[in-house]
Visitor: 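Can you keep this structure in mind? I'll have questions shortly.
These values consider heavy atoms only, across backbone and side chains, with no hydrogens, waters or symmetry-generated copies.
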Amino acid sequence: VQLQASGGGPVQAGDSLRLSCTASGRIFQGTIMAWFRQAPGKEREFVAAISWSGTTKYNIDSVKGRFTISRANGNNTAYLRMNNLKPEDTAIYYCAADHNRMLFTARGLFTAPARYDYWGRGTQVTVSS
């Protein structure tokens, strides 16, 4: 396992969670980091991504204003802060990384799971109403 995701769990609607994703320095250095999620019976969905410098971020519309992606390069860790969670946020959340900075040149690139070389096992987030 190249990336370690943690921080998921069962919560109530409206609660908050912070997911963490830790990688070795060799993998983390210079990468774009991203979070995806996969609900039962659905395809893996892009959630958010962040550049190496942290100055460029993208996320999907359904989490705008609620989820924030960030990173601490000194700790080789990326985060996904999730506020005001909703039942539809229930999924396994995966972190991903890739060294290709050209991913951010087109939305169709950085939102595609196949574009990422490194993955974590995922952490379950369950939101009940």
Visitor: Do Y93 and F36 have their ring centres less than 6.0 Å from each other?
Guide: no
Visitor: In the structure I gave you, are the side-chain heavy atoms of Y79 and T68 within less than 4.5 Å of one another anywhere?
Guide: no
Visitor: If you take all heavy atoms of S129 and A13, which pair is closest and at what distance?
Guide: CA-CB, 4.2 Å
Visitor: Quick one: does T90's side chain have a donor or acceptor within less than 3.5 Å of a partner on T126's backbone?
Guide: no
Visitor: Are the side chains of R81 and S16 in contact, using a 4.5 Å heavy-atom criterion?
Guide: yes
Visitor: Say you draw a straight line from OH of Y94 to SG of C21; how long is it, rounded to the nearest 0.5 Å?
Guide: 13.0 Å
Visitor: Is there a donor-acceptor pair closer than 3.5 Å between any side-chain N or O of S128 and the backbone N or O of P87?
Guide: no
Visitor: In Å and rounded to the nearest 0.5 Å, what is the CG to CZ distance from L3 to R121?
Guide: 11.5 Å
Visitor: How close do A49 and I32 get, counting heavy atoms only, and between which atoms?
Guide: CB-CG2, 4.5 Å
Visitor: Could you measure the distance from the CE atom of M82 to the CZ atom of R18? Nearest 0.5 Å is fine.
Guide: 11.5 Å
Visitor: Does a donor on one side chain and an acceptor on the other come within less than 3.5 Å for T22 and N76?
Guide: no
Visitor: Output the distance between atom CZ (F110) and atom OG1 (T56), rounded to the nearest 0.5 Å.
Guide: 10.0 Å
Visitor: Please check: side-chain N/O of T77 versus main-chain N/O of N75, any donor-acceptor pairing under 3.5 Å?
Guide: yes
Visitor: Can you tell me how far CZ of R44 sits from CH2 of W119, rounded to the nearest 0.5 angstrom?
Guide: 5.0 Å
Visitor: Return the minimal non-hydrogen interatomic distance between Q124 and A91, and the atom names on each side.
Guide: NE2-O, 3.4 Å
Visitor: So, for F104 and Y58, is the gap between ring centers shorter than 6.0 Å?
Guide: yes
Visitor: Measure from NZ or CZ of R115 to the centre of the six-membered ring of F46 and say whether it is under 6.0 Å with the direction within 45° of the ring axis.
Guide: no
Visitor: Kindly work out whether a path of hydrophobic side-chain contacts (I/L/V/M/F/W/Y, heavy atoms less than 4.5 Å apart) joins M102 to I50.
Guide: no
Visitor: When you look at K86 and D89, which way does the salt bridge (Lys or Arg N to Asp or Glu O under 4.0 Å) test go after all the steps?
Guide: CA-CA 5 Å; K86 303 177 180 180; D89 295 319; over 6 Å; no
Visitor: If you look at every heavy atom in L19 and G8, which pair is closest and at what distance?
Guide: CD2-N, 3.5 Å
Visitor: Can you spot which of L80, N83, V125, T123 makes a side-chain contact (heavy atoms from CB on, under 4.5 Å) with L17?
Guide: V125
Visitor: Could you tell me whether the side chain of W35 reaches within less than 4.5 Å of the side chain of I69, counting heavy atoms only?
Guide: yes
Visitor: Please report the interatomic distance OG(S53) to CZ(R71), rounded to the nearest 0.5 Å.
Guide: 8.0 Å
Visitor: Is there a donor-acceptor pair closer than 3.5 Å between any side-chain N or O of N59 and the backbone N or O of V47?
Guide: no
Visitor: Have a look at H99 and tell me which of F28, Y118, W52 forms a ring pair (Phe, Tyr, Trp, His ring centres under 6.0 Å) with it.
Guide: Y118
